[in-house]
Amino acid sequence: MSGVRVALVTGGNKGIGLAIVRALCKQFHGDVYLTARNPQLGEEAVQDLKKEGLSPLFHQLDINDQKSIQCLRDFLKDKYGGLDVLINNAGIAFKVKDDTPFGTQAEVTLKTNFFATLDACHELLPLIKPHGRVVNVSSMVSPRALAQCSQEFQERFRSDTITEEELVKLMEQFVEDAKNGVHQKKGWANTAYGMSKIGVTVLSRIQARMLKETRKGDGIILNACCPGWVRTDMAGPNATKSPDEGAVTPVYLALLPESVDSPYGELVSEKKVQPW
Ligand code: NDP
């Protein structure tokens with residue numbers, strides 16, 4: 001087992017994920033893994049970064065595939081005895097003009113952005129080494145969607161005692177209500193992507209709380225973040241930031257020095273803690 005430090009980015013073959021890998025290759029002392037669900041796209045991205053003089057490594061990861069997650073987990077355990085930096089960046093969004101029924105959009109979007117991110121965390125968080133850093137890429141869309149939810153849901157999503165099981169039930173209920181065409185009547189926001197990112201932000205708050213309880217003294221820091229509005233396949237060419245600019249806040253959180261203990265369990269945008 002090597003004593004080398006290791007960082008890993010999900011959805012690293014393009015967009016913000018690729019820019020995060022690029023920045024980590026320049027700033028992180030250790031091995032940096034670009035992961036992608038499609039090995040060909042992942043290897044091509046690695047080759048592109050090599051042409052820039054950088055040295056990322058590749059491992060396949062489809063967060064929607066439990067076997068793929070477990071294969072990566074076992075690899076990291078065997079080769080590195082754990083993981084120092086995890087950036088959960090992989091995500092999807094339907095285009096605004098997409099006419100797929102809202103219920104299907106809700107199911108598909110939540111499946112990747114919330115449930116698959118949760119699955120990946122279940123396998124990879126136990127690997128995080130002392131002083132490790134975990135960054136969940138959420139969005140400022142999440143507080144905006146939260147404001148659209150009923151008072152009752154807002155209170156539950158803001159609760160400091162909500163459990164992962166309760167959050168999963170809420171996300172499942174949103175999908176069911178969306179499929180039945182009653183999500184707005186029931187008090188959910190009318191945005192599948194926004195609801196999925198509420199899930200990521202609240203999950204991060206829960207995970208940070210749990211880490212404090214179960215890994216007390218290990219100095220691990222976990223936060224959610226928003227990269228800003230970034231020119232990628234997801235957000236389109238009119239967005240204000242380049243992917244490298246979008247990587248700044250996630251990378252700042254991934255490289256928080258050992259000497260600091262905050263931000264912790266927050267939603268961070270432009271390197272600043274955002275109200276929830
Ligand atoms: P892109 O669509 O450019 O990239 C998304 C990445 O996620 C791709 O590498 C994609 O792989 C990967 N991915 C999707 N599903 C899976 C999966 N099941 N397993 C592994 N990888 C997967 O989007 P962005 O770079 O813009 O977005 C990155 C993150 O930032 C997302 O979480 C997004 O929600 C968030 N975000 C983006 C904003 C923006 O303005 N762009 C604003 C706020 C948040 P593949 O190429 O195979 O599809």
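Residue numbers count from 1 along this sequence. Since we're looking at a predicted model, the values are computed, not measured. Computed over heavy atoms, backbone and side chain alike; hydrogens, waters and symmetry mates excluded.
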Please confirm whether the ring centroid of F75 lies under 6.0 Å from the ring centroid of Y33. yes

Is it the case that one hydrophobic cluster holds both L256 and L83, taking links as side-chain heavy atoms less than 4.5 Å apart, direct or via other members? yes

Under the side-chain contact (heavy atoms from CB on, under 4.5 Å) criterion, do D119 and I63 qualify, and how do the steps go? CA-CA 7 Å; D119 289 341; I63 60 170; over 6 Å; no

State, yes or no, whether a side-chain contact exists between F114 and M195 at a heavy-atom distance under 4.5 Å. no

Taking K197 for its side chain and A192 for its backbone only, find out whether a donor-acceptor pair lies under 3.5 Å. no

Would a single hydrophobic cluster contain both I128 and L203, if residues Ile, Leu, Val, Met, Phe, Trp and Tyr are joined by side-chain heavy-atom contacts under 4.5 Å? no

So, the side chain of S139 versus the backbone of C226: is there a donor-acceptor pair under 3.5 Å, distance only? no

Show your working on side-chain hydrogen bond (donor to acceptor under 3.5 Å, both in side chains) between S242 and D244 and close with a plain yes or no. CA-CA 5 Å; S242 69; D244 289 332; 5.2 Å; no

E270 with K241: basic N within carboxylate O range, under 4.0 Å: yes

Side chains of L255 and L24 in contact at under 4.5 Å (non-hydrogen atoms): yes

Any sub-3.5 Å donor-acceptor pair from D31's side-chain atoms to V6's backbone N or O? no

Distance, nearest 0.5 Å, that separates OG1 of T109 from CD1 of I92: 4.5 Å

Are side-chain heavy atoms of L86 and L127 found at a separation under 4.5 Å? no

Sub-3.5 Å donor-acceptor pair from the side chain of D84 to the main-chain atoms of G132, do we have one? no

Any donor-acceptor pair under 3.5 Å linking the side chain of S68 with the backbone of D62? yes

Other residues, nucleotides, ligands: >12 heavy atoms within 6.0 Å of K129 NZ: yes

Determine the sole option in K169, R209, H122, Q207 for which the side chain to side chain donor-acceptor pair (under 3.5 Å) test with E164 is passed. H122

Give me the atom names and distance for the closest heavy-atom approach of L110 to F174. CD2-CE2, 3.8 Å

Other residues, nucleotides, ligands: >12 heavy atoms within 6.0 Å of K95 NZ: yes

pair V32-L54: side-chain heavy atoms closer than 4.5 Å: no

Treating E266 as the side-chain partner and Q274 as the backbone partner, does any N or O pair qualify as donor plus acceptor under 3.5 Å? no

According to a 4.5 Å side-chain heavy-atom criterion applied to Ile, Leu, Val, Met, Phe, Trp and Tyr, with indirect links allowed, do W276 and F153 form part of one hydrophobic cluster? yes

Checking L76 against L8 for the side-chain contact (heavy atoms from CB on, under 4.5 Å) test, could you report, in this order, the C-alpha distance in whole Å, the side-chain angles of both residues, the deciding distance, and whether it holds? CA-CA 10 Å; L76 291 168; L8 184 143; 4.0 Å; yes

To the nearest 0.5 angstrom, please state how far the CG atom of N113 sits from the OG atom of S142. 11.5 Å

Looking at D160 and R205, is there a salt bridge between them, counting it only when a charged N and a carboxylate O are closer than 4.0 Å? yes

Looking only at heavy atoms, the pair that brings G15 and T232 closest together is CA-CG2, 3.7 Å

Polar contact flag, side-chain donor to acceptor under 3.5 angstrom, T117-N88: no

Nearest heavy-atom pair of S204 and N136: which atoms, and what distance? OG-ND2, 3.0 Å

Chi angles and distances behind the side-chain contact (heavy atoms from CB on, under 4.5 Å) call for V175, M171: CA-CA 6 Å; V175 172; M171 292 288 120; 5.9 Å; no

What are the two closest non-hydrogen atoms of F58 and P39, and how far apart are they? CZ-CA, 3.6 Å

At what distance, to the nearest 0.5 angstrom, does NZ of K271 lie from OH of Y252? 7.0 Å

Just how far is it from atom SG of C149 to atom CD1 of I198, taken to the nearest 0.5 Å? 4.0 Å

Roughly how far apart are N223 CG and Y264 OH, rounded to 0.5 Å? 8.5 Å

Side-chain heavy atoms under 4.5 angstrom apart, residues restricted to Ile, Leu, Val, Met, Phe, Trp, Tyr: same cluster for V230 and V96? no

Taking it one step at a time, do L49 and R22 satisfy side-chain contact (heavy atoms from CB on, under 4.5 Å)? CA-CA 7 Å; L49 290 178; R22 177 184 291 116; 3.8 Å; yes

Checking Q184 against Q148 for the side-chain hydrogen bond (donor to acceptor under 3.5 Å, both in side chains) test, could you report, in this order, the C-alpha distance in whole Å, the side-chain angles of both residues, the deciding distance, and whether it holds? CA-CA 9 Å; Q184 279 180 288; Q148 284 181 33; over 6 Å; no

Euclidean distance, S262 OG relative to I221 CD1, rounded to 0.5 Å: 7.0 Å

Full working for side-chain hydrogen bond (donor to acceptor under 3.5 Å, both in side chains) between Q47 and E43: CA-CA 6 Å; Q47 291 313 320; E43 292 288 7; 4.7 Å; no

Spell out, as yes or no, whether a donor-acceptor pair under 3.5 Å connects the side chain of Q60 to the backbone of R37. yes

Can you give me the closest heavy-atom contact between V9 and G17, atom names plus distance? CG1-O, 3.7 Å

Using a strict 4.0 Å threshold on nitrogen-to-oxygen distance, state whether D74 and K77 make a salt bridge. no

Taking side chain as C-beta onward, heavy atoms only, is L118 less than 4.5 Å from V168? yes

Donor-acceptor check, side chain of K50 to backbone of P56, threshold 3.5 angstrom: yes or no? no

Can E166 and R156 be counted as an ion pair, charged N to O under 4.0 angstrom? no

Shared hydrophobic cluster for L222 and F157 (ILVMFWY, side-chain gaps under 4.5 Å): no

Donor-acceptor contact present, side-chain R231 to main-chain T240, <3.5 Å: yes

Where L267 and P143 come nearest, the two heavy atoms and their spacing: CD2-CD, 3.8 Å

Looking only at atom types and distance, does a side-chain atom of D98 sit under 3.5 Å from a main-chain N or O of T100, one as donor and one as acceptor? yes

Would you call L61 and I69 a side-chain contact if the rule is heavy atoms closer than 4.5 Å? yes

Do the side chains of F102 and N190 get nearer than 4.5 Å, heavy atoms only? yes

With a cut-off of 6.0 Å (strictly less than), are more than 12 heavy atoms of other residues, nucleotides or ligands near CD of Q40? no

